[in-house]
2 protein chains.
Amino acid sequence: MEKPTPPRRVTIVDVAQHAQVSTTAVSKVLRNAYGASPAMRAKVQQAIEELGYRPNASARGMRGQTYTIGVMLPDIRNPFFPEILDGLTEALRDTPYQVLLGPGGCNDAQAEARVTEAMIDRGMDAMVLVAPISSRSRLEHIARSVPTVVVGRHGHSDAYDTVSDDDLTGAALVVGHLVSLGHRRIAHIEHAETDPDRLAEMPNAIRAEGYKRAMQAHGLGDEIDIVSTTYTQEGGYAGAQQLLARSQRPTAIFAGADVVALGVLEAVAEAGVSVPGDLSVAGYDNTTVAALGPVSLTSVDQAGHHIGAETARLLLDRIRDRERPSAQVRLSPTLVTRRTTAPPPS
Amino acid sequence: MEKPTPPRRVTIVDVAQHAQVSTTAVSKVLRNAYGASPAMRAKVQQAIEELGYRPNASARGMRGQTYTIGVMLPDIRNPFFPEILDGLTEALRDTPYQVLLGPGGCNDAQAEARVTEAMIDRGMDAMVLVAPISSRSRLEHIARSVPTVVVGRHGHSDAYDTVSDDDLTGAALVVGHLVSLGHRRIAHIEHAETDPDRLAEMPNAIRAEGYKRAMQAHGLGDEIDIVSTTYTQEGGYAGAQQLLARSQRPTAIFAGADVVALGVLEAVAEAGVSVPGDLSVAGYDNTTVAALGPVSLTSVDQAGHHIGAETARLLLDRIRDRERPSAQVRLSPTLVTRRTTAPPPS
DNA sequence: AACTTTTTGGGCAACGTTACCCACAATCGA
DNA sequence: TCGATTGTGGGTAACGTTGCCCAAAAAGTT
């Protein structure tokens with residue numbers, strides 16, 4: 001017994017025959033286009049349902065639309081991104097658009113380029129680039145071929161819309177909180193950045209800058225103490241080790257990201273220093289890990305859900321009108337205080 | 001000053017003209033097809049590079065291949081999945097295939113169906129379904145229209161290949177470990193499941209079954225104590241509360257997933273019970289959270305990377321030959337002991 | 001020298017959809 | 001009543017790529 005011929009997929013032609021109309025008519029109904037009477041709409045709708053017809057995205061793509069939105073996520077592990085994604089997909093639920101994710105390599109510009117190119121090749125109707133590390137000129141190159149929203153990166157362009165959180169304010173929130181608890185020797189662990197482009201645009205750099213400004217604003221300019229490592233757990237571990245080796249130890253460490261703070265907590269625990277008794281620790285991103293009971297990390301919340309929703313809005317607006325001037329949305333972070341921050345030892 | 005006409009994308013026709021050959025020739029070169037002399041290959045390659053040509057995936061899709069592999073992830077937040085993904089993308093790096101992810105709604109069969117349909121509509125060359133909750137008949141329906149590998153679900157089918165971890169063994173590892181530490185009253189928190197299909201196939205159900213069998217094998221059949229909640233942190237919290245309210249408290253809790261264990265740790269900390277002094281806790285999945293210093297959870301490692309690599313292999317094999325008999329790969333988990341398990345209080 | 005076989009290249013139709021047209025009928029305004 | 005307008009439906013040519021075919025040239029075989 002041979003396999004019966006694999007059932008060919010139902011096309012618009014089949015629907016047209018079944019409904020006794022032209023393919024043009026079916027297409028019109030599918031797109032809610034002008035020129036189809038209510039009677040015909042009903043007839044075609046019925047045929048569509050009876051046959052279980054689904055439009056072929058490739059064929060649509062050849063005509064210019066795939067109803068697909070590509071989201072480039074640099075690091076799938078970062079627990080902050082799902083929040084954004086939720087906000088985005090929720091806002092797009094009642095549209096015909098489908099979100100597909102491209103896994104960009106962590107901190108790997110080449111992998112990032114591969115994924116974005118692949119998405120452009122696949123005719124995405126729009127793209128969302130979350131915290132891209134690519135150069136600004138590459139971002140503009142991408143935006144020239146497809147409507148693009150850049151999320152979580154400061155510095156805007158005529159070519160693309162942006163949604164970002166005010167990291168300057170976020171850093172100030174942390175410093176303010178620690179100062180109000182009585183801390184003066186507040187250190188910061190940043191992600192080392194050399195590229196001048198990124199130095200001006202990447203959130204990590206902005207957070208470090210915000211830290212400096214806030215310290216100065218509180219008259220603590222002399223206490224500024226920054227360690228440059230990376231935004232990873234290992235980076236936090238190494239950074240904390242450096243800080244603990246200071247002759248004058250800081251009484252508080254502001255880590256530029258939650259993962260960094262976790263590394264700090266590990267190093268600190270190993271060193272036998274108690275948190276928050278001897279040392280306060282704060283993170284950034286308010287990831288789900290920060291909220292966990294055993295961790296309970298003070299952190300800055302970026303309202304990822306809101307970011308995602310705004311992104312969706314900009315996206316749809318731009319698909320509607322590609323020529324509209326580029327928009328920048330800036331959201332405000334909030335501080336979530338938990339059990340890793342307390343007054344300094346007296 | 002008007003915008004200059006948006007530069008039309010380079011097509012195979014442009015390449016052909018530029019190289020002074022036919023489009024057929026270019027296509028042959030692109031696909032390494034028979035019938036192109038080395039001289040021609042070189043000429044075409046050069047033209048491709050000079051013009052920066054990239055094939056249009058939609059057009060290719062109309063001819064049957066998109067060079068895209070769709071991966072359905074039920075819950076982007078589950079820190080176990082990125083491991084699989086890494087293994088998968090790494091194994092596919094040197095192939096022309098690109099991985100795109102579809103965000104299935106957490107525990108939402110309808111959302112899952114939407115995403116898989118969308119991927120089929122977009123002409124994916126193959127699909128990977130990670131821990132799908134859909135009914136078996138739906139899985140087979142999917143597999144009938146596109147080569148499919150189902151990951152992390154027991155129970156196989158002629159229609160699709162499977163890669164899964166031996167959850168029976170994994171559960172036995174945990175129970176064995178706890179018994180060898182001296183525990184007898186070992187409780188388990190499972191994810192409630194009623195559907196008979198899923199009861200036989202979902203990893204959570206298998207883990208519960210493995211727990212039971214292992215307890216019996218150790219002569220502890222009378223001590224079997226299962227609480228049914230959900231595989232979430234809240235589920236773990238609630239489950240632990242129930243278990244702590246027992247007149248005879250268990251001395252160890254085996255949570256069916258790491259997230260569940262985190263909820264357990266939270267409830268236990270609130271109740272003032274010390275871990276592992278008064279109570280041992282073990283999880284499953286060995287997620288990155290489990291490894292964190294402040295958590296340090298004993299857990300079962302599923303070798304996600306390996307799973308991903310095997311998935312890629314099966315995928316490529318099946319794309320090559322759709323008629324080959326379906327394959328099942330079963331991998332073995334290992335136990336990672338950390339600081340949440342210790343001998344019971346004497 | 002007269003063949004067969006192999007190599008090399010190109011022409012063409014098709015994949016499923018939609019935008020642009022045009023044709024016809026019905027309705028309207030004067 | 002006649003011309004103009006509006007509503008309704010369909011025909012057709014792309015979009016970019018590839019698989020199937022055929023033709024000419026080159027190489028090999030008697």
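These numbers come from the heavy atoms of this one structure, side chains and all, not from hydrogens, waters or symmetry mates. So that the names make sense, note that chain A is the first sequence line, chain B the second, and so on, each numbered from 1.
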Separation of dT17(D) atom P from I48(B) atom CD1, nearest Å, is 10 Å

Has D321(A) got more than 12 heavy atoms of other residues, nucleotides or ligands less than 6.0 Å from its CG?
-> yes

Contacts of R63(B) and T24(B) projected onto DNA chain C by closest heavy atom; the upstream (5') one is T24(B)

From NZ of K28(B) across to P of dG16(D) the rounded distance in Å is 22 Å

Hey, is the main chain of P325(B) close enough, under 3.5 Å, to the side chain of R318(B) for a donor-acceptor pair?
-> yes

Quiz item: Any chance CZ of R138(B) has more than 12 other-residue heavy atoms, nucleotides or ligands included, within less than 6.0 Å?
Solution: yes

Separation of dG16(D) atom P from Y67(B) atom OH, nearest Å, is 18 Å

### Message
Within a 6.0 Å radius of atom CZ on R114(B), are there more than 12 heavy atoms belonging to other residues, nucleotides or ligands?
### Response
no

Check your understanding: If you look at every strand shown and take non-hydrogen atoms under 4.0 Å, does S27(A) touch a base, only sugar-phosphate, or nothing?
Key -> base

S22(B) side-chain N/O to dG10(C) phosphate OP1/OP2 under 4.0 Å: yes

>> With no hydrogens and no angle check, just 3.5 Å: does a side-chain donor-acceptor pair link T68(B) and R122(A)?
In response: yes

From CD of Q17(A) across to C1' of dG10(D) the rounded distance in Å is 15 Å

Rounded to whole Å, CE of M62(B) lies from C1' of dA14(C) at a distance of 8 Å

Result for 5'-nearest mapping on DNA chain C, choosing between M40(B) and A59(B), is M40(B)

Taken to the nearest whole Å, CD/Q20(B) to C1'/dG10(C) is 15 Å

Taking only side-chain nitrogens and oxygens of S37(B), does any of them come within less than 4.0 Å of OP1 or OP2 of dG9(C)? yes

_What's V26(A) touching, base or sugar-phosphate or nothing? Going by heavy atoms closer than 4.0 Å._
nothing

Here the distance between atom P of dG11(D) and atom CD1 of I12(A), to the nearest Å, is 13 Å

When rounded to whole Å, the CG to P distance for the pair N56(A) and dA14(C) reads 18 Å

Ranking dT18(C), dG16(C), dG10(C) by distance to the side chain of A25(B), first place goes to dG10(C)

Requested in this report: Considering just the side-chain nitrogens and oxygens of Y34(B), establish if one lies under 4.0 Å of OP1 or OP2 belonging to dG9(C).
Outcome: no

